[in-house]
Amino acid sequence: MFTLFPPTQIIFSYFPRAILITASHFVSISMKKATKNDSKKRAAKESDEVSSDREEVSSKEPKQKKVKTTTTSLPLNTKMPEELEFQKPSGTIKLASWNVSSLRAALKKGYHTYVDAEDADILCLQETKVNEKEFNAVDTKKYKYNWWGFEKKKGYGGIALFSKIEPISVVFGLSTHPDPEITKGRVITLEFETLYYVTAYVPNAGEKLVRLKERETWDEAMKEYLTQLDEKKPVIWAGDMNVAHKEIDLARPATNQKTAGFTKEERTGFDKILNGGKDTFIDTWRHMHPDTTGGYTYYSYRFQCRTKGLGWRLDYHVVSKRLLDRVIESEIRNECYGASDHVPIVLILKGESI
């Protein structure tokens, strides 16, 4: 007697291998998709975002020719060393700059270990995040002259400048900016006999580049301001410029083309500033280390960027070209990490006066 099977029973009775192969195929596709998604997630976690208000964006930039470079040996400590020692050649002036990323927090994490060891003649700080003077920041008997710039927004931005040498004059802010008042908590200029010393905390372009236009306006104002000063005397411009100038200045340039601090607009703005002045300005660290990679000054607290060596060079000592013959050293204190997500930078000049 002929038995009529239901359609589903016929399939499973007579074509089990076909069904098995098809199911296996679907499982394979699902696994490939899952693996691809997991890879994307891992890559995102290992991203070297430069701060909480910036984001990394993937970029399919064409591959560029490899440039022969020298990689500097990077310390990967996450706490400030307990003992530090730095030398100062006789007959020189030492200038130090440091984004402390909250002065009060830094004071608890080894700030004084660095400041005392460096013993700079002029020390400038950025991103202090205070709205009143912090008298414990330095030994005021040593640094008799000090100035503070505060942001209107509480707990945000701010700069401080300490000097053993008395300046001729002091100016806050950028007179060339459309709204000079908003720049007074970010720029301080000291005039000395032979040069101007300008410290700045340059604004960030923001998450999703929402403040990029404001940043472009700032860069134009800074260019005009430094050019005006340079017509009178040579200039030293120090601080957190919030831009990695070239691809060699950050660990992962390919995936940060649209990230604040590495956009085409910000890098072009920095180029224009360097090409301004009476006889152009020079990025001293890059001038003295032309092919060196790994010269980073910032490591995000996120994703263990410090221990992975994923950093950005955002802090600079820029000088008028005619000051180059006075520059003995331009260094990054890479071992001095832990009190901030930035490390200090140092410039040493020939001569005992400025």
Side-chain angles (χ1 to χ4, degrees), residues 84-100 103 111-112 114-126 128 133-150 158-175 184-201 225-226 228-240 277-278 281-282 284-285 315-333 336 344-354:
L84 293 168
E85 183 178 351
F86 302 110
Q87 302 299 319
K88 177 188 173 185
S90 60
T92 63
I93 295 290
K94 183 188 281 189
L95 313 171
S97 174
W98 191 13
N99 178 321
V100 292
L103 177 56
Y111 166 91
H112 278 298
Y114 166 72
V115 171
D116 294 343
E118 193 69 77
D119 194 24
D121 295 294
I122 296 177
L123 169 67
C124 61
L125 307 178
Q126 302 89 43
T128 58
K133 294 182 179 181
E134 178 59 64
F135 291 103
N136 191 36
V138 294
D139 180 350
T140 53
K141 291 181 180 179
K142 182 185 291 186
Y143 293 98
K144 295 180 180 179
Y145 312 101
N146 58 83
W147 304 269
W148 297 76
F150 307 115
I159 55 176
L161 185 52
F162 312 101
S163 178
K164 298 177 183 178
I165 308 163
E166 184 177 11
I168 296 170
S169 66
V170 182
V171 175
F172 288 79
L174 291 175
S175 57
K184 289 183 177 179
R186 286 181 175 267
V187 181
I188 301 175
T189 302
L190 305 184
E191 179 186 3
F192 294 98
E193 184 179 348
T194 64
L195 56 81
Y196 288 101
Y197 180 85
V198 182
T199 184
Y201 177 37
Y225 181 71
L226 294 178
Q228 289 178 5
L229 294 182
D230 195 48
E231 290 293 331
K232 302 171 187 176
K233 296 179 184 180
V235 175
I236 296 175
W237 178 34
D240 179 358
K278 186 176 181 179
F281 297 104
I282 304 296
T284 57
W285 192 87
D315 304 82
Y316 298 77
H317 275 116
V318 171
V319 305
S320 299
K321 187 175 181 179
R322 58 193 186 278
L323 277 178
L324 266 182
D325 61 351
R326 290 190 64 186
V327 176
I328 297 175
E329 295 179 28
S330 181
E331 297 298 335
I332 297 169
R333 300 300 195 209
C336 301
I345 58 173
V346 176
L347 185 72
I348 298 180
L349 303 178
K350 293 178 186 175
E352 296 181 342
S353 64
I354 54 174

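Taking the side chain to side chain contact (heavy atoms under 4.5 Å, CB included) definition, one finds that Glu329 meets it with Pro89, Glu331, Ile348, sequence neighbours left out. Evaluation of the salt bridge (Lys or Arg N to Asp or Glu O under 4.0 Å) rule for Arg333 yields Glu118 as partners, not counting sequence neighbours. In this structure, Tyr196 has no side chain to side chain donor-acceptor pair (under 3.5 Å) partners at least two apart in sequence or on a different chain. Remark: Gln87 pairs with Glu85 by the side chain to side chain donor-acceptor pair (under 3.5 Å) rule, at least two apart or across chains. Residues forming a ring-ring contact (aromatic ring centres under 6.0 Å, His included) with Phe162 (at least two apart in sequence, or on another chain): Trp148. Applying the side chain to side chain contact (heavy atoms under 4.5 Å, CB included) test to Lys88 and every residue at least two apart in sequence or in another chain returns Thr92, Lys94, Asp121. Listed by chain and residue number, His112 satisfy the side chain to side chain contact (heavy atoms under 4.5 Å, CB included) test with Asp116 (two or more places apart in sequence, or in another chain). Not counting sequence neighbours, the partners of Tyr316 by the ring-ring contact (aromatic ring centres under 6.0 Å, His included) test are Phe270. For the ring-ring contact (aromatic ring centres under 6.0 Å, His included) test, residues two or more places apart in sequence or in another chain that qualify with Tyr111 are Trp98. In this view, Thr284 and Ser330 satisfy the side chain to side chain donor-acceptor pair (under 3.5 Å) rule, not counting sequence neighbours. For Lys142, the side chain to side chain donor-acceptor pair (under 3.5 Å) partners two or more places apart in sequence, or in a different chain, are Asp119.
Listed by first then second residue, pairs satisfying salt bridge (charged side-chain N to carboxylate O under 4.0 Å, His left out) with a partner in residues 345-354 number zero, not counting sequence neighbours.
You'll find the side chain of Lys278 stays beyond 4.5 Å of the side chain of Ser320, heavy atoms only. With contacts defined as side-chain heavy-atom distances shorter than 4.5 Å, the pair Arg326/Ile354 qualifies. A 4.5 Å side-chain heavy-atom check between Val319 and Leu347 finds at least one atom pair inside the cut-off. Phe86 is not listed as a side-chain neighbour of Val346, based on a closest heavy-atom distance of 4.5 Å or more. Contact annotation: the side chain of Tyr145 never approaches that of Val170 to less than 4.5 Å [non-hydrogen atoms, C-beta and beyond]. Annotation: side chain of Val138 is not in contact with side chain of Asn146 (no heavy-atom distance under 4.5 Å). Residues His317 and Val327 have side chains not in contact (no heavy-atom distance under 4.5 Å, counting atoms from C-beta outward). Taking the side chain as every heavy atom from C-beta outward, Phe192 and Ile122 approach each other to under 4.5 Å.
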### Task
Would you sort out whether Phe281 and Leu226 count as a side chain to side chain contact (heavy atoms under 4.5 Å, CB included), showing the intermediate values?
CA-CA 9 Å; Phe281 297 104; Leu226 294 178; 3.9 Å; yes

### Query
Can you list the steps and then say if Tyr197 with Ser163 is a side-chain hydrogen bond (donor to acceptor under 3.5 Å, both in side chains)?
CA-CA 11 Å; Tyr197 180 85; Ser163 178; over 6 Å; no

